[in-house]
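Working notes for the structure below.
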Amino acid sequence: MPELPEVETMVRGLQPLRNLTIESLGRYRCSRKPISIRPTVATIRRRLVGRQLLSISRLAKRVVLEFSSGDRLVFEPRMTGLLLSSDPPTTAHLRFFITFLGAPHQFWFWDRRGLGTITAFSNSQWQLFMTSKKLGPDALAITADSLQTRLQPSRRPIKVVLMDQQYIAGIGNLYASEILFRANIDPRRQCESLGNEEWQTVSNAIIEVLQDAIAHEGSTLSDGTYRNALNQNGSYQNQHCVYARSDKRCRECQQTDIVRIVQNQRATFYCPVCQV
DNA sequence: CATATGTCCTGAGAGC
DNA sequence: TGCTCTCAGGACATAT
């Protein structure tokens with residue numbers, strides 16, 4: 001599931017496409033229910049064909065292509081979406097393609113479940129989107145002070161709030177559990193119960209876990225869905241301490257098994273000895 | 001306003 | 001073996 005580290009890895013892998021000019025784009029023939037592409041493929045084609053790709057960047061868990069015209073094309077991978085500049089894992093789930101003038105580079109949007117979205121913005125639409133969208137600060141740019149100021153007032157459990165993109169952007173279900181393990185904080189703790197030093201610890205854990213995961217090019221889970229732009233697996237799954245490790249011995253304390261609970265209809269994993 | 005729940009989707013795996 | 005059922009969770013819409 002692409003969260004911040006996986007999306008960051010995609011963005012880094014797509015940098016060779018920078019400065020190329022779009023030759024064509026469109027839906028890939030796919031017998032499945034079409035994914036959401038807005039406003040329409042025809043409109044996107046009219047706006048973007050012939051435009052030069054200025055930058056490929058990350059906005060929380062989205063990939064943003066910015067063009068010389070100020071237009072942006074935004075990809076939300078959500079659960080199973082991938083952006084690829086190589087041959088896809090299977091052609092069955094290809095959803096969208098871009099070709100570039102005089103360049104051999106490929107660009108595919110591949111999505112097994114089809115929950116991902118593609119949205120085009122003009123420059124003014126983008127400015128409106130960025131001001132109306134209540135997106136919290138990027139998790140990689142967080143400080144202990146800003147984290148505490150934003151999250152402490154909530155009465156919800158810390159794990160649930162870490163996943164709320166309006167409070168802090170980029171953390172999903174997998175990394176929320178790993179971060180709280182690193183911070184030795186029980187995921188059920190209400191935000192208002194954390195003290196200054198604990199917010200500092202959580203802040204440090206956010207940066208450490210996410211940077212470590214980026215260094216390992218993200219997590220490819222047992223379903224094998226996530227891959228980088230070159231269709232290669234990440235390796236951070238081998239470093240997981242709690243996620244999907246229920247009933248396995250805690251790697252840190254070696255005293256007890258990892259526990260799985262459900263919070264807001266999401267699986268949470270933690271060590272009842274290490275995390276208090 | 002803050003918080004909770006329902007919705008979309010496919011394929012792996014469990015259970016019979 | 002082959003069917004049916006449950007589950008996984010991103011973001012958003014709707015409900016409380």
Side-chain angles (χ1 to χ4, degrees), chain A residues 1-11 27-28 30-38 58-64 74-83 88-96 109-119 121 128-130 132-136 138-139 149-180 187-193 210 213 218-227 234 237 240 242-247 260-269:
Chain A
M1 65 202 84
E3 302 181 26
L4 186 153
E6 288 77 23
V7 177
E8 178 66 24
T9 303
M10 289 179 197
V11 163
R27 283 189 195 272
Y28 189 80
C30 182
S31 58
R32 295 158 193 281
K33 184 174 188 211
I35 61 164
S36 167
I37 300 180
R38 292 179 182 177
R58 181 179 60 77
L59 177 67
K61 302 177 194 171
R62 298 167 167 87
V63 175
V64 181
V74 178
F75 296 84
E76 283 187 31
R78 297 206 181 172
M79 290 301 299
T80 53
L82 298 180
L83 288 179
T90 62
T91 57
H93 305 93
L94 283 175
R95 310 287 183 159
F96 188 81
F109 185 69
W110 182 96
D111 190 348
R112 171 150 54 79
R113 290 187 201 167
L115 298 177
T117 68
I118 302 172
T119 311
F121 297 86
L128 190 64
F129 171 79
M130 290 299 283
S132 64
K133 186 108 198 128
K134 288 174 287 182
L135 204 59
D138 192 84
T149 301
R150 297 184 69 88
L151 273 61
Q152 181 118 62
S154 175
R155 286 180 306 197
R156 288 184 294 169
I158 175 85
K159 190 263 187 173
V160 172
V161 180
L162 279 181
M163 289 175 60
D164 189 325
Q165 304 302 299
Q166 298 189 30
Y167 286 72
I168 173 170
I171 299 170
N173 200 49
L174 190 162
Y175 292 102
S177 283
E178 292 296 326
I179 285 163
L180 289 172
R188 300 168 295 181
R189 290 270 300 277
Q190 287 193 333
C191 287
E192 56 188 0
S193 78
L210 295 180
S219 302
T220 300
L221 301 180
S222 56
D223 68 1
T225 295
Y226 170 72
R227 290 154 195 275
Q237 66 278 5
H240 290 178
V242 289
Y243 186 82
R245 295 196 72 248
S246 44
D247 303 325
R260 178 191 191 273
I261 60 172
V262 174
Q263 297 178 288
N264 271 25
Q265 304 175 11
R266 300 287 184 264
T268 299
F269 301 88

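When reading the values below, keep in mind they use all heavy atoms of this one structure, side chains included, and skip hydrogens, waters and symmetry mates. The sequence lines fix the lettering, A, B, ..., with proteins before strands; numbering per chain opens at 1.
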At under 4.0 Å, does any side-chain N or O of [X] touch on OP1 or OP2 of [N]?
| X | N | result |
| --- | --- | --- |
| A:R32 | B:dG11 | yes |
| A:H93 | B:dC9 | no |
| A:Y175 | C:dG9 | no |
| A:Q265 | B:dA4 | no |

To the nearest Å, give me how far apart [atom1] ([X]) and [atom2] ([N]) are.
| X | N | atom1 | atom2 | result |
| --- | --- | --- | --- | --- |
| A:Y243 | C:dC7 | OH | P | 15 Å |
| A:R112 | C:dG10 | CZ | P | 14 Å |
| A:D111 | C:dG9 | CG | P | 16 Å |
| A:L174 | C:dG9 | CG | P | 9 Å |
| A:L221 | C:dG9 | CG | P | 9 Å |
| A:M79 | B:dT7 | CE | P | 18 Å |
| A:Y226 | C:dG9 | OH | P | 18 Å |
| A:F269 | C:dC7 | CZ | C1' | 12 Å |

Mind checking what makes salt bridge (charged side-chain N to carboxylate O under 4.0 Å, His left out) contact with [X], not counting sequence neighbours?
| X | answer |
| --- | --- |
| A:R78 | A:E76 |
| A:R189 | A:E198 |
| A:R156 | A:D164 |
| A:R32 | none |

query = Excluding sequence neighbours, so at least two apart, what forms side-chain contact (heavy atoms from CB on, under 4.5 Å) with A:T149?
reply =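 Counting only residues at least two positions away or on another chain, A:T149 forms no side-chain contact (heavy atoms from CB on, under 4.5 Å).
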
ask   = By side-chain contact (heavy atoms from CB on, under 4.5 Å), which residues pair with A:S132, not counting sequence neighbours?
value =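 side-chain contact (heavy atoms from CB on, under 4.5 Å) list for A:S132, sorted by chain: empty.
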
Please work out if [X] contacts a base, only the sugar-phosphate, or nothing of the nucleic acid, heavy-atom cut-off 4.0 Å.
| X | answer |
| --- | --- |
| A:G114 | nothing |
| A:F75 | nothing |
| A:M1 | sugar-phosphate |

query = Can a donor-acceptor pair be found between the side chains of A:E6 and A:Y175 at a distance below 3.5 Å?
reply =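 Side chains of A:E6 and A:Y175: pair found under 3.5 Å.
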
task = Estimate the overall bend of the helix from B:dA2-C:dT16 to B:dC16-C:dG2 from the end axes over five pairs each, rounded to 10 degrees.
result =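 Here the local axes at opposite ends form an angle of 50°.
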
Contacts of A:D138 that satisfy side-chain hydrogen bond (donor to acceptor under 3.5 Å, both in side chains) - sequence neighbours left out =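 Partners of A:D138 by the side-chain hydrogen bond (donor to acceptor under 3.5 Å, both in side chains) criterion, ordered by chain and then number, come out as A:R58.
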
inquiry  = Check whether A:Q165 reaches the backbone of A:G170 with its side chain - one donor and one acceptor, N or O, closer than 3.5 Å.
reply    =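 Looks like yes, one N/O pair under 3.5 Å.
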
inquiry  = For a quick check, with a 4.0 angstrom heavy-atom cut-off, what is the B/S/- contact string for nucleotides 11-16 of chain C, read 5' to 3'?
reply    = BS----

key: Residues which pass ring pair (Phe, Tyr, Trp, His ring centres under 6.0 Å) with A:Y243, listed by chain and number, not counting sequence neighbours   =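 Per chain and number, A:Y243 pairs via ring pair (Phe, Tyr, Trp, His ring centres under 6.0 Å) with A:F269.
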
task = For A:F121, check ring pair (Phe, Tyr, Trp, His ring centres under 6.0 Å) against everything at least two apart and list the hits.
result = A:W126, A:F129

task = Report yes if the side chains of A:P89 and A:R112 come closer than 4.5 Å at any heavy-atom pair, otherwise no.
result = no

request  = Mind listing the residues from residues 150-159 of chain A sitting with a heavy atom below 4.0 Å of DNA chain B? Number order is fine.
outcome  =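 Heavy-atom cutoff 4.0 Å gives A:S154, A:R155, A:R156.
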
